[in-house]
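Right, one structure below, let's go through it.
Predicted model, so just to flag it, every value in this text is computed and none were measured. Here is the naming used below: chain letters follow the sequence lines, and residue numbers restart at 1 for every chain.
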Amino acid sequence: MNAEALAFYALAAMVLVGGALVVYSRNLVHAAVSLVPTLLGVAGLYVLLHAEFVTAIQILIYVGAITVLILFVILLTEGATGLRVRQRNEQVPLALGVCGALVVLLWVVLLRVPWGPAAGPLPPYNPGAVGRSFLMPYVLAFEVTSLVILASLVGAIVIARREE
Amino acid sequence: MIGLPHYLVLSSLLFGMGLYGVLTRRNAVAILMGIELMLNAANVNFVAFTKFVDPTFVRGHVAALVIITLAACEAAVGLALIINAYRHLETVNVDQVDLLKG
Amino acid sequence: MARLAWLIPLFPLAGYGILIFRGRALGDRAPYVAIGAMALSAVLGWGTFLEQVLGAPPFVWRAAWAVGGERVITVGYTVDPLSSITVAMITLVGGLIFVYSVGYMHGDPYYARFFAFLSLFCAGMLTMVLANSFLLMLIGWEVIGLCSYLLIGFYFRRRSANLAQMKAFLTTRVGDTLMLVGIMALFWQFGTLDYQTVFEAVREGAEKASAVVRLGPWEVPLVTLTALLIFGGPIGKSGQFPLHVWLPDAMEGPTPVSALIHAATMVAAGVYLVGRAYPLFFFTPHHEALAWVAWVGTVTALMAGLIALAQDDIKRILAYSTISQLGFMMAGLGVLGYTAGLFHLLTHAFFKALLFLAAGSVIHAVHTNNIKEMGGLWRAMPVTFWTFLAGFLALAGVFPFAGFWSKDEILLEAYHHNPGIYALLTAAAFLTALYMSRLVAYAFFGRYRGPEQPEPDPWLPEDYARAGVRGPHHGHGAHHGPHESPPVMTVPLVVLAFFALVAGFVGIPGTGPEGGSWIHHFLKFEGFEEAGIRAPSFSWPLALRSLAVAFAGVGVAWVVYGARWVRSDQVREWVGPLYPFLRNRMYIDTVYAWVFVRGGLALAAGLRWFDVQVVDGLVNLVGWVTVLVSRLHRLFDTYVVDGLVNLVGGLTRGLGILLRPLQTGRAYNYILVAAAGVAIIVVVSLWKL
Amino acid sequence: MNWADLRWLVPELVVAAAAVALLGADLVLPADRKRWLGGLALASLVAAGAACAVVLTDLGGLGAPGVRVFADTYTVDAFAVYFKLVALAAVALVVLVSLDYFPGRTPHLGEVFSLLLFSGVGLLLMASASDLILLLLSIEFVSLSSYLLAGFLKRDPKSNEAGVKYFLYGAATTGVMAYGFSLLYGLTGSTILYDIAARLDRAGPAAYLAVGMALAGFGFKVSMVPFHQWTPDVYEGAPTPITAFLSVGPKAAGFAALVRTLSIGIPLEQVNWPVLLAALSAVTMTVGNLLALLQRNLKRMLAYSSIAHAGYVLIALAAWKSAWALQGLLYYLLAYLFMNLGAFFVAMVAAEGTGSDEIPDHAGLSQRAPWVAGAMVVFMLSLTGIPPTAGFFGKFYLFAAAVDAGLLWLAALAVANSVISLYYYVGVLRALYLMPPAAPGPVPVPAGLRVGVLVALIGTLAAGLYPEPVVTFVEVARRLLGS
Amino acid sequence: MPILTLTLFLPLVGALVLLFLPKEDADRIRRVTLGFTLATFVASLLILPRFEFGRREIQLIEQAAWIPAVGIQYKVGVDGLSLVLALLTTLLTVLSVLYSFRETHRVKEYNLLFLLLETGMLGVFFALDFFLFYVFWELTLVPMYFLIGIWGGPRREYAAIKFFLYTLVGSLAMLLGILLLYFHLPPGQRTFDVLEIVRQRPLAGTGLLAQLAFWGFFLSFAIKVPMWPFHTWLPDAHVEAPTAGSVILAAILLKLGTYGFVRFSLPLFPEVFHQHALLIATLAVIGVIYGALVAMAQTDLKKLVAYSSVNHMGYVMLAVAAAAYAYGRQELADAAATALNGATMEMLAHGIITGALFLVVGVIYDDRAHTRGVDDFGGLWAVLPKYGAVSITAMFASLGLPGLMGFVAEFLIFVGSFSIIPVFTALAALGVVITAAFFLWTIQRIFLGPTNPRWVNLPDLDRREAWTLFPLVVLMIAFGVYPKPLLDIINLTSSQLVAMLR
């Protein structure tokens, strides 16, 4: 087992355990905090996949912004932890079945696909490649993303603002 | 050697977990967290595919970046809606928010 | 003249039009319109008749009436001996009855309406007679049926009249429908309804092997079947067994109506039609259609004679007598006595109209129809009595009255062609004399047994007010017993009595060429000659035999009702159950009432139930279930569509209700459905595709 | 990038600029002039419409092939322009009626119009996007602004609830769709539809998986069963103009994106999606109609009916091999725009007049607002598919496509569904015409709504009576889709 | 002058004019409506001088491009069949509107709907393009729904929606049939032109598809006729509809079904129709006898007349089935033409007679007795002599009394059909007796017998009512006595159809 594999399995464990806690934890704060290792694990995977720029953004936005936002809201709404009330709804068994089925389905199908060979090696410094991509074919996506952010923020502020 | 299937299995498990969270949580914020897991699963796929299938144009990276941004926007919008609803309905449990049904 | 014959039915029709629209304004003058129109028709009718007598060739005129593809359906009229003599008879008898009605119906609030209907009737009858195709014949045929319906129920406030008119129309309609099917069959075979073409085709077809229709176990030649179906019409209209039941009830109509329609003309239309369509009956294999006609006629003659014996209503007795006489005519036609049957038709018209009118005069005087409540009238009403007597003798077949000649012809033909029928007809002739004598004895002899109180007028005061007339004029109330009718009524009686005496003279041997009678010469069927059938010549022994039979009938009646050597109730005891059997008209009406009327109504009610409950619903089941389900869910909406629609509606609503719980309002439920949906979509498409 | 390519984006740019400008103007304008914002929005939409016409001319008219810009990620063709016009019309009409609706209900008028325009931009992008990333982005753009709009009446609990539900459901389906897109990317190594089509041949069963998951996102946008369940709740809870907008704008754009994705990106040889969609179409129309049958709330009924109509439109995809299919889809969505917006507008009038969305409470509206009620007759008949309305011609097209493609069973099912739908549509007319008025006196009709109803009415009737121009347009749009 | 288009759209113009009249001015609305219907009637009469009586084909064709992209055009024309039915339509609309002067409830909407309905009905008869035909076909449903639903009796909502749903099922089935025909034309020649499709018979020889299309059309027309067992919407609709609505419903709308059978089913699917002709004849005969018997059991006058419609339309269908059964048999051509003539004649006769009957019922129910129970009356003839005369005439016409129009129709149907399907026809002839029975019984219960004292003060027909009924009675008698002029027109189409079927 080489280092890559070792790193992969460690990160995978981190992601999955974190994810499980996010999903299972009765204490919502715990759940939110568990997001951090999960998202960081995913960031680690990005490193393994040579996606350094994505890793950076993942850590910045996800871990830095989203998780904090979520925690905020939990603290604002459910009396900090949400422990007072039942967190799980009545469709657990069904959900388990559906999710299990879906995962098995994904495995059954995806593991049989003869995934296409790479058209070449990754470019040496891929933040640059990402940048080129963003500026050349995906300039429109880039610009639209900024519009989306603008619209979301404006709307979120209007909605979230407490009115007199 | 860690290949594409490894990543796919991992992402599918993450996806399933996220979906499970979405499906079993009563709390809207918790559901949102499940959704974030699903989006991360998709992102893992995108980035993994970039390496193994489309290394030249790194479109997967672009997609992942876009999705991360969208996730942020969703979180902002969603949490705003949830907070506002909490102010008037005094709950964030989805099954207690049921003026509309039938 | 013949070219103008189309006007003959049009005059009364015009009269009808005028009377319907201007009748009330005309008031008491209304009859003049009708009589005037009738007179014009009579002039033309007699003109054409005389023309034919003088040897004018038959005249036919046609015009297109309808089209079907390349085919043209024509209507038109024929003037030939048969139609012209019948027209002459109708216009004469009709005109006299019109005149009589002026007196009889005077003061009725619907005076004009009465004459209007009579005029329409004459128009229809004349159309029917002059028609040259089954189509126009059928039109006239139904119009007279309609008028009969309207006139039977003329006193429309009377329940009994209403029932009688319906019975009449429906019973004859049964026959008419059979005839309609027969006409359809004719059209199918020959593509036309024109008499001439049809008859020629029938004659030609007679030689060829004709088509055969399988009716259950029997195979019937198509021609025969057609002829018999056509005969269905005459059976209904001419009151032949088994469709005779309506005719006695039809006496609910005013007496002139009984005389004109239910004695002289309309009921004879059936006989006329058989005569008119004689080739159709004759050119059947072995003349088998004619055999049927003969037997139906014979049975009718006998049956009606028997029933007439046990009736007390003067008009009813005459009605059964009419049925019986019509049976005679049919029998005559059936036993190859073409001329004999039609001859009897003509003579019968005169004396039966006479009898009815005279009976009307009696009723007018005594206000009852029951002969047991009359008596001794010969003194009070001499003219009526003597004319009635003339009619009676003619009917009974006493020499030299008209009935003697014509009835004898029939018996003669029967004797030659079918001895069995001859025997039965002789018995019927005996019965005729018997029941008529009974009638005369009860009504005119003995002492008056009538009530002092007349029966109530069917109209209410407001009817008179509405019609602008003063009300019943012939002084009811204080009444001094029976008295003679006014001249406007008695004069027609006298004229008719004259014809009842002389009309038969045209049948005296030697009046025609080659020693035959004139009527045989004038009215003859061409087919006989070709087939080598010769009419038997008059024979005195036979004539005397029938005369003896008539006298025997009169004699027996005299024994019981005149001299009363044997009391009638004793006779009643002797015959045991026969009397109630006959008195109740052999229970035929009763059976019909149960089977057809009640049966039909029950069937209708049953089907209505079926329609509402089953067809419209699949209901009691589904509708009930739907309602129940809907109630349970408190979702029943006021506008659920019933019927099959209800079923569908129920199912759809049910499905909707089943789906609805999925709409919980909880987002995570929805997402579960979506996720499961994705899984299912993928699995199914991978599995199936 | 080539700056000249921007000329194909003028409509999008105009609307986006206006949206941003509105935010600025909102800060400047005094409270009593805020209505001007609506005017500005309308003006920008009209300008964008004009720009669309210019784009069409630049393309070389109707008959010319489309252009692909930004390395094939964005396709501007007649098909796209058609949907852009439909989207602009939808937004414009909704802005028009919002002018009467929102003042007094929310102080944030500027944001309402701005968000409407933003989602308009999203719609324009959806119509043209030929790249998965752009597609995802534009769908999310529309979605995010829609979540906000649905929950915009902050003090109305129903609106709050609608916003939250819509958001949770939409975000979840976005997650599924994103995962599906990632698989498509992995299978082909590209996110551009044209490349995907060329390289999908190695995918095998995985293509079905990817398409199935992607359908979740599209299905959510067009209210296809089983991704429909948010529809009634959100439609009922959202402010009515927004409901009206949701029922036509995102739905039309969703169909545009779905059609483009499937027809360009997924070759029939790899994924037999018409059969799949035939089944979905059947289920969708049936479920929608059956549930609509039970509704007494007008908005909710229209929500289910909008599910049913999604089912009808899906016939076009099921009958894809027929030349009539896409034309039918294009025509139907235009018809649906007019008739459904019209129905919602009348619902707004009725709700204003009677203070309720329940159908029985609208009894006798024909006496109180005859013209509006008369228009409702046309809309309901059109939704049922009775001539001479646009809805009929649309159904005619779609049924024809089904018959042409040999899908008689689907056509028969659609017929049965039309009959069921008659029942509840006529139920509305029954209340309006057959019932005695619940209260005396005329119902006031605000000016904006009046114009809105009138435009919808004219559109419904005109497109039904003389569909030739539209027919010509859609025929060309079909021929040139993605060529 | 495009006379057909003018006739067709005059009522629509009238409807538009009405839109702009104030609804309070009921009198003016009524007069304007009457004016427009009269103008339409005159316009329809003006077709006659332009019509070439020697030509069997459809003539006076007026056409214009409508949606050329898919082969849809505006194309109208008339032949004998549609001409007479159009005349019937315009006449009866005038009379209905005249009768409806009594209506005081929501007058504007009422008259507007009538005008719309008239355009719809005329359109069905004139249209020569399937799409156009379908548009008009559906256009007749909507106004009728409202007429029943707003101005109807106590169960009006139920009856209206039942009518609407039932008939919509049929018309949508027909739409699928039309589409099947269209798509079996060779690509490039696809058109909805009726004449072209009839000429090509695109589904001939396609087996199952032709069957499906045939039954699609059948369902639509059979519901409209209505044939047994699709008839149950009819009694409800008739009973609940306002009088004028019943008149139009019975006189014209039912004819749309039989018209469809003759105009489309026969020439389009001769083989299939031939194959199922006996089945359809069976249904027709059941309708005849069943309708008559159920009518006999009714105590509601309107229901009685409604079921008598089932009975009479059964005759029409019998003739049509007979004509279909004669397909391919040269020697039966004339019989088939006769039957078809009879069928068309019956359509007209039933229109006129049943129209009159419903008016007659309306006269007594709407303004006088306010009851339709047959047993509530008695002796009315004494009180209302004019009314009685008209009613009795109409009833006798309905039961097929010679000299009145119903007879001509039934007679031609019988003699024509008997040559083709004798047993069925003979059975159907039984219906004549039952029809007679229930009408006579009705006459007896209403007009004859002792007068019910409740009604002794009822007024007789007033002038307006007389004017509504008078033309119908005149027509009944005129064409009953001499039907040839009418038959000459009708025969053009029948001969053409028969020639086509050889």
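- Your options are Val113(A), Thr67(A), Thr38(A), Leu96(A), and the one with the most heavy-atom pairs under 4.5 Å with chain B is Leu96(A).
- Contact count versus chain B (heavy atoms, under 4.5 Å) is highest, among Val92(A), Thr145(A), Val15(A), for Val92(A).
- Nearest approach of Ala51(A) to Val47(B), heavy atoms of both residues: CB-CG1, 3.5 Å.
- Annotation: maximal heavy-atom pairing with chain B below 4.5 Å, among Gly18(A), Ala31(A), Gly155(A), occurs at Ala31(A).
- Heavy-atom pairs under 4.5 Å with chain A peak, among Val66(B), Leu32(B), Asn43(B), at Asn43(B).
- Within the 4.5 angstrom heavy-atom criterion, only side-chain atoms of Phe49(B), from C-beta onward, approach chain A.
- Side-chain contact between Leu49(A) and Phe52(B) is present, with heavy atoms from C-beta onward closer than 4.5 Å.
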- Message: One pair to check against side chain to side chain contact (heavy atoms under 4.5 Å, CB included): Tyr62(A) and Asn40(B). What are the steps and the verdict?
- Response: CA-CA 10 Å; Tyr62(A) 255 124; Asn40(B) 267 284; 3.4 Å; yes
- Apply the test side chain to side chain contact (heavy atoms under 4.5 Å, CB included) to residues Ser12(B) and Leu110(A): give CA-CA distance (whole Å), side-chain angles for both, the deciding distance (0.1 Å), then the verdict. CA-CA 10 Å; Ser12(B) 61; Leu110(A) 295 182; 5.5 Å; no
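- By number of non-hydrogen pairs under 4.5 angstrom with chain A, the leading residue of Val77(B), Leu81(B), Ile82(B), Leu79(B) is Leu79(B).
- Proximity of Val44(B) to Val42(A): side-chain heavy atoms (C-beta onward) are separated by under 4.5 Å at one or more points.
- Between chain B and the residues Val54(A), Leu39(A), Ile157(A), the most heavy-atom pairs under 4.5 angstrom are made by Val54(A).
- Highest contact tally toward chain A, considering only Arg25(B), Glu74(B), Met33(B), is held by Arg25(B) [criterion: heavy-atom pairs under 4.5 Å].
- Of all the listed residues (Leu70(B), Ile83(B), Ile68(B)), the one sharing the greatest number of non-hydrogen pairs under 4.5 Å with chain A is Ile68(B).
- When side chains are defined from C-beta on, Tyr9(A) counts as touching Ile2(B), because their heavy atoms get closer than 4.5 Å.
- Taking Pro137(A), Ala20(A), Ala65(A) one by one and counting their heavy-atom pairs under 4.5 Å with chain B, the maximum is reached by Ala20(A).
- Side chain of Gln91(A) to main chain of Thr24(B): no donor-acceptor pair is present (N/O by atom type, distance under 3.5 Å, no hydrogens or angles).
- Taking the six-membered ring for Trp, Tyr20(B) and Tyr24(A) have ring centres closer than 6.0 Å.
- For the set Leu19(B), Val62(B), Val29(B), Leu8(B), the entry with the most heavy-atom pairs within less than 4.5 Å of chain A is Val62(B).
- Interface summary for chain B: among Leu102(A), Leu48(A), Leu16(A), Val103(A), the most heavy-atom pairs under 4.5 angstrom belong to Leu16(A).
- Put simply, the side chain of Arg59(B) never gets that close to the backbone of Tyr138(A): no donor and acceptor are under 3.5 Å apart.
- Contact tally against chain A (heavy-atom pairs below 4.5 Å) for Ala30(B), Gly21(B), Gly34(B), Cys73(B): the top residue is Cys73(B).
- A centroid separation of 6.0 Å or more is found between the aromatic rings of His61(B) and Phe53(A).
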